[in-house]
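First comes the structure, then the notes that go with it.
Note that the structure is predicted; figures quoted are calculated from it, not measured.
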Amino acid sequence: MATTRLRTDAYNDYSSTEASPSEESSPGIINSFVPRTRQYERLGDHDSSSTTWFQTFIHLLKGNIGTGLLGLPLAVKNAGIVLGPLSLVVMGIVAVHCMDLLVKCANHICQRHQRPFVDYGDAVMYGMEAAPSPWLRTHSIWGRRTVSFFLILTQLGFCCVYFVFLADNVKQVVEAANGTTNDCSFNATVLLQESMDSRLYILSFLPFLILMVFIRNLRYLSGFSLLANVAMLGSVVMIYQFIGRDIPDPTHLSYAAGWRTYPLFFGTAIFAFEGIGVVLPLENKMKIPHQFPAVLYVGMGFVTILYISMGTLGYLRFGADIRPSITLNLPNCWLYQSVKLLYSLGIFISFALQFYVAAEIIVPSATSRVGERWVLLVDLSVRAALVCITCVLAILIPR
């Protein structure tokens, strides 16, 4: 990687009182989406590890569309049919604004310190070093450590949830197989045939997920991300096809739920907007990083619309009967059972992208302590160990 990340024709020093990142104007198309002061390119970094705008867009969608989407109809129930969608709009705007502000600050720090790139910890550390408070400047390294710790906790937490989601969905399909028919008009309760314990299903996914995280290059992961998006798109289309018809009269639904259940909505919605952890890694890997704001706005706009429509239509269709995951409300036929399998395939591939963020923090600190001949072995060993840890946590807390 080149030693200089950025090249600009003009650069505003945002540390002065005359300019700030929020004061920039925005032109229109993808290559002129950002003003000249933020148009930059990564020098000498045109190797196979760089990603195109399309590959980054695919990763961004994959990083934000996960298990949280299926729980949004229940979240809207906990907020109300009017308050819920309005809250999702506000949360979407805030999430996109924070993501964009994060990238702007990272670009500013790269220019100011002449660094090829910065991660989340770097952004906080250098930001605290420029703070007016002497205490913050002195303890800037702890800002880096704190952010890195919570980022690792968050991303590996997502991975634990993915283990449980995969095991539960595959287990449900297997146990209901004998009662599954081709008739999707009848949705009777199915008597499940008991199979393996869900923790054995979790364990069975372990070797395959270890092999998946051995893919260390985001460029190579983009093909898997595209496959995951296609699989999840197919399952989401089938869900919309079912919930978009025969919607009952919504007048009996609550417009705004009580304050006791609103925190449940907030927690589920925040979990759904799970992509902020992949923003800087994706921007850092772009071949032409000044295209990232356009990718961000288009991608997150699509994600927010998807969240609002899924949550609203799901609650309108099933009302008070909505389950924690909307897939549990679908008829027990092979067409809708395939929804669980397709979505599980997407989540399986998503595991590698969510894991990538935590690995980018932990792996370099481990490989820097060994000789060059041991770097690859240590890298793969640390990745395998981290996946095993998330698997153990999922087995210990399988619900």
Side-chain angles (χ1 to χ4, degrees), residues 58 61-77 158 161-193 195 198 201-202 204-205 208-209 224-248 268 271-272 274 302-303 305-319 321-351 353-354 399:
I58 294 298
L61 292 182
K62 193 69 244 57
N64 281 276
I65 301 175
T67 56
L69 174 66
L70 303 179
L72 286 176
L74 180 62
V76 171
K77 174 188 174 183
F158 288 144
V161 172
Y162 287 1
F163 259 116
V164 176
F165 179 88
L166 288 169
D168 285 350
N169 277 269
V170 172
K171 185 175 189 288
Q172 288 169 8
V173 172
V174 170
E175 292 182 347
N178 288 338
T180 304
T181 67
N182 292 321
D183 182 12
C184 295
S185 61
F186 185 64
N187 193 21
T189 302
V190 178
L191 186 62
L192 299 180
Q193 181 175 347
S195 66
S198 62
Y201 280 96
I202 292 175
S204 67
F205 281 107
F208 302 102
L209 288 171
F224 290 99
S225 286
L226 181 59
L227 175 62
N229 282 340
V230 170
M232 295 175 79
L233 177 63
S235 64
V236 168
V237 166
M238 284 190 279
I239 293 174
Y240 274 109
Q241 178 267 338
F242 184 78
I243 65 178
R245 64 189 186 193
D246 301 328
I247 296 178
T268 305
F271 176 77
E274 60 188 73
F302 175 80
V303 168
I305 292 172
L306 181 66
Y307 285 177
I308 295 169
S309 58
M310 176 67 77
T312 305
L313 287 175
Y315 182 41
L316 285 173
R317 177 66 174 81
F318 298 112
D321 296 327
I322 188 67
R323 306 283 293 275
S325 173
I326 194 171
T327 55
L328 300 176
N329 288 94
L330 299 177
N332 188 57
C333 65
W334 283 115
L335 175 65
Y336 293 111
Q337 286 290 73
S338 67
V339 169
K340 297 178 183 178
L341 296 177
L342 285 174
Y343 212 89
S344 295
L345 174 62
I347 291 300
F348 176 84
I349 298 172
S350 300
F351 186 98
L353 185 58
Q354 297 293 350
R399 292 178 179 81

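- The CZ atom of Phe302 sits 5.5 Å away from the CD1 atom of Ile65 when rounded to the nearest 0.5 Å.
- Formation of a donor-acceptor pair under 3.5 Å by the Ser338 side chain with backbone atoms of Leu335 is found in this model.
- Both tests pass for Arg317 against the ring of Phe242: distance under 6.0 Å to the centre and angle within 45° of the axis.
- A distance of 11.0 Å separates CD1 of Ile347 from CZ of Phe158, quoted to the nearest 0.5 Å.
- Between the CE atom of Met232 and the CG atom of Leu61 there is a distance of 10.5 Å, given to the nearest 0.5 Å.
- Between the side chain of Tyr307 and the main chain of Ala272, a donor-acceptor pair closer than 3.5 Å is present.
- Residue Gly314 comes nearest to Ile326 through the heavy atom pair CA-CD1, 3.8 Å, listed as atom of the first residue, atom of the second, then distance.
- When all heavy atoms of Lys62 and Ala228 are compared, the closest pair comes out as CD-CB, 3.3 Å.
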| Residue pair Tyr162, Phe348: steps toward the ring pair (Phe, Tyr, Trp, His ring centres under 6.0 Å) verdict | CA-CA 7 Å; Tyr162 287 1; Phe348 176 84; over 10 Å; no

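- Counting only N and O atoms by type, the side chains of Thr327 and Tyr336 include no donor and acceptor under 3.5 Å apart.
- The backbone N or O of Gly66 lies less than 3.5 Å from a partner atom in the side chain of Tyr343, making a donor-acceptor pair.
- Taking all atoms of both residues into account, the shortest heavy-atom contact from Gln337 to Val173 is NE2-CA, 3.7 Å.
- The two residues Gly346 and Ser350 come nearest to each other via the heavy atoms O-OG, 2.7 Å.
- Applying the salt bridge (Lys or Arg N to Asp or Glu O under 4.0 Å) rule to Lys171 yields the partners Glu175, Glu194; only residues at least two apart in sequence or on another chain are considered.
- In this structure, Leu342 CG and Ile239 CD1 are separated by 10.0 Å, a value rounded to the nearest 0.5 Å.
- Atom CG in Leu69 sits 12.0 Å away from atom OG1 in Thr268 (nearest 0.5 Å).
- When every heavy atom of Tyr201 is checked against every heavy atom of Ser204, the shortest pair comes out as O-OG, 2.6 Å.
- When atom types are taken as modelled, the side chain of Asn329 and the backbone of Asp321 share a donor-acceptor pair closer than 3.5 angstrom.
- Closest heavy-atom contact between Gln172 and Leu328: OE1-CD2, 3.4 Å.
- In the displayed structure, Phe224 atom CZ is contacted under 6.0 Å by at most 12 heavy atoms of other residues, nucleotides or ligands.
- Side-chain atoms of Tyr315 do not come within 3.5 Å of backbone N or O of Ile322 as any donor-acceptor pair.
- Classified by interplanar angle (parallel below 30°, tilted 30° to 60°, perpendicular above 60°), the ring pair Phe351/Phe163 is perpendicular.
- A donor-acceptor pair under 3.5 Å is absent between the side-chain atoms of Asn169 and the main chain of Leu341, judged by distance alone.
- The structure places OH of Tyr240 at 15.5 Å from CZ of Arg245, a figure rounded to the nearest 0.5 Å.
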